Structure formats: structure tokens, C-alpha cells
Student: 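Here it is, the structure in full.
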2 protein chains.
Amino acid sequence: MQPEPTANRPQTRIQRRNRQAILDAALDVFSQHGFRGATLDQIAEVAGLSKPNLLYYFPSKEAIHEQLLTGLLDIWLDPLRKLDPKGDPLREILAYVHRKLELSRDYPRESRLFANEILQGASRIERVLATVLRDLVDRKARVLMRWMEEGRIAALPPHHLIFSIWALTQHYADFDVQVRAVLGPGHDPYAEADAFLETLFRRLLAI
Amino acid sequence: MQPEPTANRPQTRIQRRNRQAILDAALDVFSQHGFRGATLDQIAEVAGLSKPNLLYYFPSKEAIHEQLLTGLLDIWLDPLRKLDPKGDPLREILAYVHRKLELSRDYPRESRLFANEILQGASRIERVLATVLRDLVDRKARVLMRWMEEGRIAALPPHHLIFSIWALTQHYADFDVQVRAVLGPGHDPYAEADAFLETLFRRLLAI
DNA sequence: CGCGACTTTGACCGGAAGGTCAAACGCCAA
DNA sequence: TTGGCGTTTGACCTTCCGGTCAAAGTCGCG
């Protein structure tokens, strides 16, 4: 019998291992070629399974992709959720930038999967963007606004401030090839970026 | 007889029109799905031509893609080339940011095509990145360095300064869907971005 | 008008893609 | 040890994809 994909019922060792291997391989392939450019054969090969075997664990290519995206979103938004309204404004924002850059460094495939999805129209996650993401951003934007009104950080359009953090941190994962090609060897892009972005946001937010 | 793709020999009206229609349609499709995700059938349909007709003007899918990329690179690097070593530092950099944002606004498909290409490993343009692009960036980085040493703008790692301009401006084209989903209706992302980025770079570069 | 060059297309090819299925395999509890 | 359930796979189906080709259509110039 085919295992239920979403159910949390007890999974066998083998199921856990294979489902994980498939998702990992799919992350490789989807993040490199986008949904349409990815093929089940390639995912199966990377996962070390046969294609029918792969389709024993997931009902379709779409299902694998969807599972990856939903699994990803939580990790991805976690740093923003952690931004604490009661903390010190500058420290909180810099910590957010730092955590976001860490995500880019440690989960570049996830970043590229997400970028690919948005780039290609986001049809599979548009609803989530307009609801979950938008609500979260609006909530945090209000926190930023309050800090600005209290004169604790510089007054700026809060949404665009958040966009700038996303853009600057994700750039190092999504455009990794370009960054390394331009910098040449002998550089640690992420270490340099960490210092640079700290300077940037310190200056931007200073009163 | 098949028309030579690259030659500048006199083209008939029809050739010019159809080649342009194909490149335009291909830009649509490639920028939305990446190279592997795009299909000739789809390009042909968008261009309003039959597939064999399309292959009468271009020898292959690759050839269309390559033509787009090479045509794109010049437009894309032009604003950076225009950065004038003899101009006023702050004014020059802000003008660069402004022009780059204009490109994102006016040529979002080109931006996404480029992003797709980098994201998917840039195998087709890696050499150009490591030579043409790198040389240009190094040259301009030296100009920035000189300005910094002369105390005319704040001292920062020049390459990362350039990356930040790319990241912040291209974000509004590449992640357009997300930006609009988060902002909701009643916003003009590019106008707001223009003002925000001017503030950002003014503060970042101030002595 | 007529003719040669340019343009367009329907039919087709081999291979790759997503997905199905029945049969075979293997693990483990009774 | 064996029966049964979970797992794996070879063969196959249909559709799609990049690309070819010969034949038909059209354009413009003398």
C-alpha cells in the first residue's frame, strides 16, 4: 500500500530515509532548474532510486515540489518572526539581517528554490504570499513604524526596509556564481557581506 | 535559403519583423521558465509563428537563447560603464542606482532572464562573468576606492557596494510578484523604491 | 505577367518526459 | 519457515519536445 504523504502516522525507517532522500534530491534539482526544467528521472537518479520507486513515495512531481515549498516557508520566515517588538530596535534589526544572511549561507538551495518560484510567477504560492507573508510583514512593519515614531531608529518606509534586507541577504545565495566570478578567488563572500551589511544598516538606521 | 543569423547583411522587412517577434516571444518564455523549462512550441505560439517557421530564422533553441543573452549584456552593463571617474562621486553613484532601477522597471523580463541564468548556474555565461564583467567591475571598484581614499565618500568594500546596488535594484524586477503581494494595491513600487534607495545610499556613503 | 528567391507549413522522426502496472523482491513477526 | 505487508522495478503507455524535410505558397523585380 502507498504511504499517505501528509499524514503523520508512524513511518518506517525506510520510509523516512527514502522520503528524505527524495526531498533532498528534489531540492537540488528544482533549485537548479526550476519546476518545469526539473525532471523526475534526474531527481530519481540523484536520490539513488528508480523513478517508479520515487512515485511510490510521492504521487507526482507537483506533490514533491509542493512539499518542499511548504516545508521551506517556515524556515524562511522564522528569522522575521523572531524580531522582538520589546527588544532594542537596532540590535533586533541587525540580528535579523545576520540570521537572514546565515540562512543564505547555510541553505542556498532553499533560497534558490524560493527565488526560482517567485521569478517564475509564484503561481504555486501566490496565495500564501498575499496572506501569510503579507500579514507577517505588515505586523512587523507596524513594529518598525513604532520604533521610528519613538525616534529610536531613522524614519524610513518600513516595507522597503524589509525588502532591502531580503534583497541584500538573498543576493549572496541566489547570485552566488556571479559574486564569486566577480570577486575571484581568495574571498569569503559571506564573511565580507556580514561586515558590510552591518555597516550599511547601522548607517541607514542611525538617527 | 536560410538567413545568416549573425551577419549584418541587408535584411528584408519580413526577416526583421519575424526575428524581432521571435526574440520578443523568447524573452517572455525564457524569463518565465528558464532555459530548460521553455519550449519552442510555446515561443512559436507567443510569436504567432509555426515551429518550423521559427526554426527557419534560428537554427536552434540554444541559438535564440544565446542571442538574447549577448544582446542583453550590453544594455545591462551600460549604466555601470557610464559611471564617470571625473564626475562628483555621490552624484555619480546615485545616478547609477537610479539608472539601474529604471532598467528594472522598464526591462523586467531582461532582468528575470539574467536572474534565471545566474540562478541556474550561469553555465552559458560563466566565462563572460569571469572576464568582461569582472574586468569592468574591477575597473569601477578602483574608481570607487580612489574616491574613498580621497575622503569624498565613506570607505566601504567597493565590490560589495556594487553588489548592494545590483541586489537592491534588481530585487524590484525579479521579485516583483512578491513585492506587489506584500505591499498590496495602491502602491507604486518603483517610485517608492527610487526615493528609498536614494536615502539609503546617501546615508551609506556620507562621510 | 512570370520567374526565381524568399517564406511558410503539415507531416514526421527519435528521444525524453510524467506516470502506470503487474510482477518480483525482501523484511520480519508469528 | 513462512505468510504477508511493505518495497522495488522492468516494461510500457501517452504526450511532449527539439528538430527535419519536402512541398506549397508568396513576394517583388524585371
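Quick note: numbers below take in every heavy atom, side chains included, and nothing from hydrogens, waters or symmetry partners. Note on naming: letters A, B, ... go to the chains in the order of the sequence lines (proteins, then strands), and numbering restarts at 1 for each one. The shown structure was predicted, so the numbers you read here are calculated from the model rather than taken from an experiment.
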Student: Walk along nucleotides 21-30 of chain C from 5' to 3' and tag each nucleotide B, S or - by protein heavy-atom contact under 4.0 Å, base first, then sugar-phosphate.
Tutor: B------S--

Student: Roughly how many Å is it from CG in A:L54 to P in D:dG10, rounded to a whole number?
Tutor: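 Those two atoms, CG and P, are 15 Å apart.
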
Student: Walk me through it: do B:H33 and B:N116 pass the test side chain to side chain donor-acceptor pair (under 3.5 Å)?
Tutor: CA-CA 8 Å; B:H33 299 291; B:N116 249 312; over 6 Å; no

Student: Does B:R180 form a salt bridge (Lys or Arg N to Asp or Glu O under 4.0 Å) with B:D176? I'd like the steps, not just the answer.
Tutor: CA-CA 6 Å; B:R180 290 180 195 278; B:D176 180 80; 2.9 Å; yes

Student: Check whether any side-chain heavy atom of B:L205 lies under 4.5 Å from a side-chain heavy atom of B:L94, and answer yes or no.
Tutor: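 A side-chain contact under 4.5 Å is absent here.
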
Student: Kindly indicate whether the side chain of B:T169, heavy atoms from C-beta on, has any atom under 4.5 Å from the side chain of B:E102.
Tutor: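 Result no, sub-4.5 Å side-chain heavy-atom pair not found.
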
Student: Taking only side-chain N and O atoms of B:N18, does any of them lie within less than 4.0 angstrom of OP1 or OP2 on C:dT8?
Tutor: yes

Student: Could you state the CD1-C1' distance from A:I22 to D:dT7, rounded to the nearest angstrom?
Tutor: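 Distance, rounded to whole Å: 12 Å.
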
Student: Shortest non-hydrogen contact from A:S164 to A:F201?
Tutor: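 For A:S164 and A:F201, the tightest heavy-atom pair comes out as OG-CE2, 3.5 Å.
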
Student: Establish, with yes or no, whether the OP1 or OP2 oxygen of D:dT7 is under 4.0 angstrom from a side-chain nitrogen or oxygen of A:N53.
Tutor: no

Student: Figure out the NE2/P separation between B:H33 and D:dC16, and round it to whole Å.
Tutor: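 In whole Å, D:dC16 P and B:H33 NE2 are 15 Å from each other.
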
Student: Under 4.0 Å between a side-chain N/O of B:Q15 and OP1 or OP2 of C:dC6, yes or no?
Tutor: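 Indeed not, no polar side-chain atom of B:Q15 lies that close.
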
Student: Are the side chains of A:D28 and A:I43 in touch, meaning some heavy atoms are under 4.5 Å apart?
Tutor: no

Student: So, is A:Y56 close to the D:dT8 phosphate, meaning a side-chain N or O under 4.0 Å from OP1 or OP2?
Tutor: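 Answer no for this pair, as no side-chain N or O of A:Y56 is under 4.0 Å from OP1 or OP2.
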
Student: Over 60° means perpendicular and under 30° means parallel, so classify the ring planes of A:H171 and B:W166, tilted if in between.
Tutor: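 Aromatic pair B:W166/A:H171 classed tilted.
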
Student: Report yes if the distance between the aromatic ring centroids of B:Y172 and A:H160 is under 6.0 Å, otherwise no.
Tutor: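 Centroid distance B:Y172-A:H160: below 6.0 Å, so yes.
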
Student: Might you list the N or O atoms of the protein lying below 3.5 Å from N or O atoms in nucleotides 16-18 of chain C, with each pair's distance?
Tutor:
{"residue": "C:dG18", "atom": "OP1", "partner": "A:A38", "partner atom": "O", "Å": "3.2"}
{"residue": "C:dG18", "atom": "OP1", "partner": "A:L40", "partner atom": "N", "Å": "3.4"}
{"residue": "C:dG18", "atom": "OP1", "partner": "A:K61", "partner atom": "NZ", "Å": "3.0"}
{"residue": "C:dG18", "atom": "OP2", "partner": "A:L40", "partner atom": "N", "Å": "2.7"}
{"residue": "C:dG18", "atom": "N7", "partner": "A:K51", "partner atom": "NZ", "Å": "2.8"}

Student: Can you tell me how far P of D:dG18 sits from CD of B:E45, to the nearest Å?
Tutor: 14 Å

Student: Please examine the side chains of A:K100 and A:W76, heavy atoms only from C-beta on, and report whether any two atoms are closer than 4.5 Å.
Tutor: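 Side-chain contact under 4.5 Å: yes.
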
